[in-house]
Amino acid sequence: MNHNLRVLLLLFPMLLGGVKGLASQQGPNGPGTSTTSGSTSYNWSNPSNATFDNTSAATASIVGAGNMTNTLRLTNFGFSIPGGATINGILVEIRMQGPNGKTQDQTIQLRKSTGSVGTNKARRNSAWPKKNPRFIRFGGSSDLWGTTWTSTELNNTAFGIDIVAKSRNGTASPRVEYVRVTVTYNQTLYYSKSTGDLHTLATWGTNTNGTGTAPSNFTADGQVFNLRNRTTAALTGNLTISGAGSKLVTGDGTNAINLTIPATFVYSGLVDVSNNATLTINHLTVPTFGTISRASNGGASTVIFGASGNQSVDGRAFHNLTISGSGTKTLTGTAGAEGKLTIGSGSTFSDGGYIYTVDGNIENSGTHQSLTDGVIIMNGTASQSLLGTAGVYGHLEIDNTTGVILTTSTTVSGTLYLTSGPLSIGANTLNLSGNTLVTNGTLTGGSGSNLNITGTGSLGILSFTSGAQTVNTFTLNRTSGDVTLGTPLTINTTLTMTSGNIVNGANALTLGTSTSSRGTLNRTSGIITGSFTRWFANATNTGTTGLFPIGTSTEYRPARINFTSAPGTGGTLTVQFVEGHPGTTGLPLSESGGTIDRIGVNGVWSIVASALTGGLYTADFTATNFTGVDDYTKLHLLYRTNSGANWALNGTHQTTTGSNAIPVLQRTGVAGSGEYGVGGDKTDNSLPVELLYFKILQHVNVLKLIWSTASELDNDYFELEQSLNGRDWLSLARVKGNGTSDIQHDYMVEIQSPHVGTYYRLTQFDFDGQMERLGTLYFDREELHAESALRLYPNPASAGSDVCFKDHRAGEIPASVMLRSMRGGIIRVIDQNKGGCFVLPELLPAGVYLVSGSVGGQSVSSKLVVK
């Protein structure tokens, strides 16, 4: 062997320790100053917003393809690169967004005190992120941007970056939320020995094994202290590394190492956390972070905030972040975990009002708190899991098209945002005590899924994934609030209603899965406002096994079906209270020595059987707050096979119990399904003017307003009014009523050459002056063709929130809008007063409404869903 070569090889490792061969970094640093200048028509608004690491942004609006903004100039990045350092590269990260996908770079260029220099890094064919703002990287640790740099130039307050955005097509709306810069350069490197106190200079040397020349102090500029040659380490005394550009680096990027800063000692200075390294911070004082290795720049580093007390958590990107110990760990800026977020038992993680994104799993056995607009967003590209034991979240957003899976019982105390993809409950319990906001996401239920809803106020919409619209148990204890089903739902075993309503509309709600697994209903309070389906075996039943807790959003009008003679075959009964005048076809009838010539105008109970045949049952129906009940004991339960059939009598009448406000009507020995209504004698129960319909008929230039009554009581006259704006009314006609009558009467008023966009209101007056509004109609010949002409967003919207006009006829918007029910009744006239938006009423019930207005002399309208 060549002995000279051997000597060279032996010396080579030692030589490496004495050269400035490994890079150090400063940053990411944010700008201190932001300005905008140029000669185009498209200036930046609020440029200073780009100097703060939050969700505020510098914004611009560019009209026309190829047009560009003025320059957004960000400077004063506050670098203190040590003198004599060799600059290796500059990384610029811009958190940007182009909400309509029409924005691209025109200029991304660095500048010195002399002006713009080097290479323009603009990506001429790449659109800015459309959906969510995110950091886009320009340059890198070995990229000098086509020029040379000194530490003096980088430390100068004039060092910065120029940004110009361009419209790809149409109108572009660029947003720049924040800009940060990281500079990579070479420094003097020291390494720790395998033993020794880290705060002692003798523990460090210039060779990679810790031997060689030791540092003379921890305060000089440009010193990098690399913690290696051991798997665990802990401070045994206070350590301060204070030189400009100096820092502590944990690990070598390959081997695992865990550094603990105990509660009794503090580390002051900059620290990097390398790949496979873990930094545990048990002291209340948190060090300043430099580079933390993440999936995007190195890999699986872990930072643990584990003090027994409050700590601040940097607003930055982590790989794995663990919250443990006691006290509250509070986020100080927008941040995220590209790996895993862990919240230990008894620990509290506050998002501080900031957004925290997670690409990996979350293991939560403690509490997450949300302040203001803060939220944890799960938006990984692969499937994510919610792990831990009984974790509590504040605001939680699911934005993962692949899906998020619950593996433990989980509570969301704030808003659950179902933005994209399914949240699978699995064989676990999901507790919701805040509310939900659904865009394109869903819940995925299963035979072992449990859903508990508590809290107060409206929950919002629950939408389930197609084919997985099942839960094992459903518990509702919602004080003064509703839960709206956006999809059908089957509850396998137990439905518990302690407080709150279930608004399901046309979405079927089913309890039980078969005649042998019929499910259990436990009800203290609350109403199901749509249909409710229950299973019955070919056997008799009693008590709550036949209860249907149905009604309207304000009135509890339950039904109870108890079979006294078993059905021939088991199956389901679907029961619903259907509002509206049921008509009087088939009346009068005679029963128990009296005449039944009146009908309850508030609605009927509909019963539909599936697979179930035969049997006799006792039917109980509670007509809470039915209009015109004067003597509840004289009411009779009427029956018809369907809405078009004659009223008849089914089974045996039982004397009505309860009170005038809450009469309970009953018949025994009833067979078959159909509809049930409330009947009575006019001498005992007034049951007021019964309006059958009020509608518009149009023929050429003649408008006919027609209405019909089934019966009338002390009806003096009707007044018909008209309005062009829904607020100011003029009397159009007064039509004489028929006093007290038990037969149908038809009325009509003709209008020649009616004005398009007119509202018509019908009011009834008694002889004693009392009045009742019977309905409001809206006339617009173009309405059916214009429903899509008025574009609104967001849609669905929430009561009390802003609704805006979107891309409507090159910017034209109505000065005011009419908010109407789908039947035409006016809810509110709303003036547009928020730059193209209007505010929905605070207490507007959930449902579908019609929003209409006038643009360019033409009436336009659109349907709006209110959650």
Side-chain angles (χ1 to χ4, degrees), residues 28-30 51-56 95 133 135 177-178 180 260-263 266-271 273 278-290 292 294 301-379 386 388 390-397 410-417 433-434:
N29 286 11
T51 65
F52 299 100
D53 187 8
N54 55 30
T55 57
S56 65
R95 189 161 66 229
F135 280 110
E177 288 191 356
Y178 190 57
R180 61 192 187 192
T260 299
I261 301 174
V266 63
Y267 169 72
S268 297
L270 192 68
V271 61
V273 185
T278 298
L279 175 62
T280 302
I281 309 167
N282 292 334
H283 198 281
L284 295 179
T285 301
V286 177
T288 302
F289 288 105
I292 298 179
R294 311 182 309 275
S301 64
T302 300
V303 178
I304 301 173
F305 290 80
S308 297
N310 300 338
Q311 288 176 296
S312 296
V313 179
D314 269 30
R316 60 157 52 243
F318 295 89
H319 185 76
N320 298 322
L321 174 65
T322 297
I323 304 298
S324 60
S326 59
T328 300
K329 313 303 188 277
T330 302
L331 198 62
T332 59
T334 297
E338 294 183 352
K340 183 179 180 182
L341 170 64
T342 303
I343 305 173
S345 176
S347 301
T348 300
F349 176 40
S350 171
D351 58 36
Y354 295 96
I355 295 173
Y356 193 88
T357 59
V358 182
D359 292 347
N361 297 331
I362 300 179
E363 184 171 344
N364 182 10
S365 300
T367 301
H368 159 239
Q369 294 178 344
S370 286
L371 303 180
T372 319
D373 296 325
V375 62
I376 289 179
I377 302 177
M378 301 190 73
N379 62 351
L386 288 170
V392 177
Y393 294 86
H395 301 323
L396 177 65
E397 180 172 349
T410 298
T411 297
V412 180
S413 60
T415 299
L416 174 61
Y417 297 91
S433 58

>> Go through it in stages, so that I can follow the logic: the residues are Thr334 and Tyr178, the test is side-chain contact (heavy atoms from CB on, under 4.5 Å), and I'd like the CA-CA distance, side-chain angles, deciding distance and then a yes or no.
In response: CA-CA 11 Å; Thr334 297; Tyr178 190 57; over 6 Å; no
> Roughly how far, to the nearest 0.5 Å, is the CD1 atom of Ile343 from the CD1 atom of Ile362?
Replying inline: 7.0 Å
>> With a 3.5 Å distance limit and no angle check, can you tell me whether Arg316 reaches the backbone of Phe289 through a side-chain donor-acceptor pair?
In response: yes
>> For the OG1 atom of Thr415 and the OH atom of Tyr393, what is their distance to the nearest 0.5 Å?
In response: 16.0 Å
> What is the ring orientation for Tyr417 with His395, classed by angle as parallel under 30°, tilted 30 to 60°, or perpendicular over 60°?
Replying inline: perpendicular
>> Using a 3.5 Å distance criterion without hydrogens, assess whether the side chain of His368 forms a donor-acceptor pair with backbone atoms of Gly394.
In response: yes
>> Run Ile355 and Thr55 through side-chain contact (heavy atoms from CB on, under 4.5 Å) and show every step you take.
In response: CA-CA 9 Å; Ile355 295 173; Thr55 57; 3.9 Å; yes
> Ignoring hydrogens and geometry, is there a side-chain-to-backbone donor-acceptor pair from Ser365 to Gly391 under 3.5 Å?
Replying inline: no
> Minimum heavy-atom separation for Met378 to Leu396, with atom names?
Replying inline: CG-CD1, 4.3 Å
> In Å, rounded to the nearest 0.5 Å, how long is the span from OH of Tyr267 to OG1 of Thr288?
Replying inline: 8.5 Å
>> Can a donor-acceptor pair be found, under 3.5 Å and without considering hydrogens, that links the side chain of Ser350 to the backbone of Gly352?
In response: yes
> Leu284 and Gln311: which non-hydrogen atoms are nearest, and at how many Å?
Replying inline: O-CG, 4.0 Å
> Is there a donor-acceptor pair closer than 3.5 Å between any side-chain N or O of Asn320 and the backbone N or O of Lys340?
Replying inline: yes
>> Just verifying a value: how many Å separate Asn364 CG and Phe349 CZ, rounded to the nearest 0.5 Å?
In response: 10.0 Å
> Under the criterion side chain to side chain contact (heavy atoms under 4.5 Å, CB included), which of Thr330, Val392, Thr348 is the partner of Gln369?
Replying inline: Thr348
>> Please give me the minimum heavy-atom distance between Ser326 and Ser308, naming the atom from each residue.
In response: OG-CA, 3.2 Å
> What is the minimum heavy-atom distance between Thr332 and Asp314, and which atoms define it?
Replying inline: OG1-CA, 3.7 Å
> Short question: side chain of Lys329, backbone of Thr322 - any donor-acceptor pair under 3.5 Å?
Replying inline: no
> What do the steps show when you test Ile323 against Val313 for side-chain contact (heavy atoms from CB on, under 4.5 Å), and what is the final call?
Replying inline: CA-CA 9 Å; Ile323 304 298; Val313 179; 4.3 Å; yes
> Passes side-chain contact (heavy atoms from CB on, under 4.5 Å), Leu341 versus Phe318? Steps please.
Replying inline: CA-CA 9 Å; Leu341 170 64; Phe318 295 89; over 6 Å; no
> Is any side-chain N of the basic residue among Arg95 and Asp53 closer than 4.0 Å to the acidic one's carboxylate O?
Replying inline: yes
>> If you compare all heavy atoms of Leu331 against all heavy atoms of Asp351, which two are closest, and at what distance to 0.1 Å?
In response: CB-O, 3.5 Å
>> Please report the interatomic distance OG1(Thr51) to CG(Asn54), rounded to the nearest 0.5 Å.
In response: 8.5 Å
> How far does OG1 of Thr342 sit from CG of Leu321, to the nearest 0.5 angstrom?
Replying inline: 8.0 Å
>> Using every non-hydrogen atom in the two residues, find where Ile292 and Ala317 come nearest and quote the distance to one decimal.
In response: CB-O, 4.2 Å
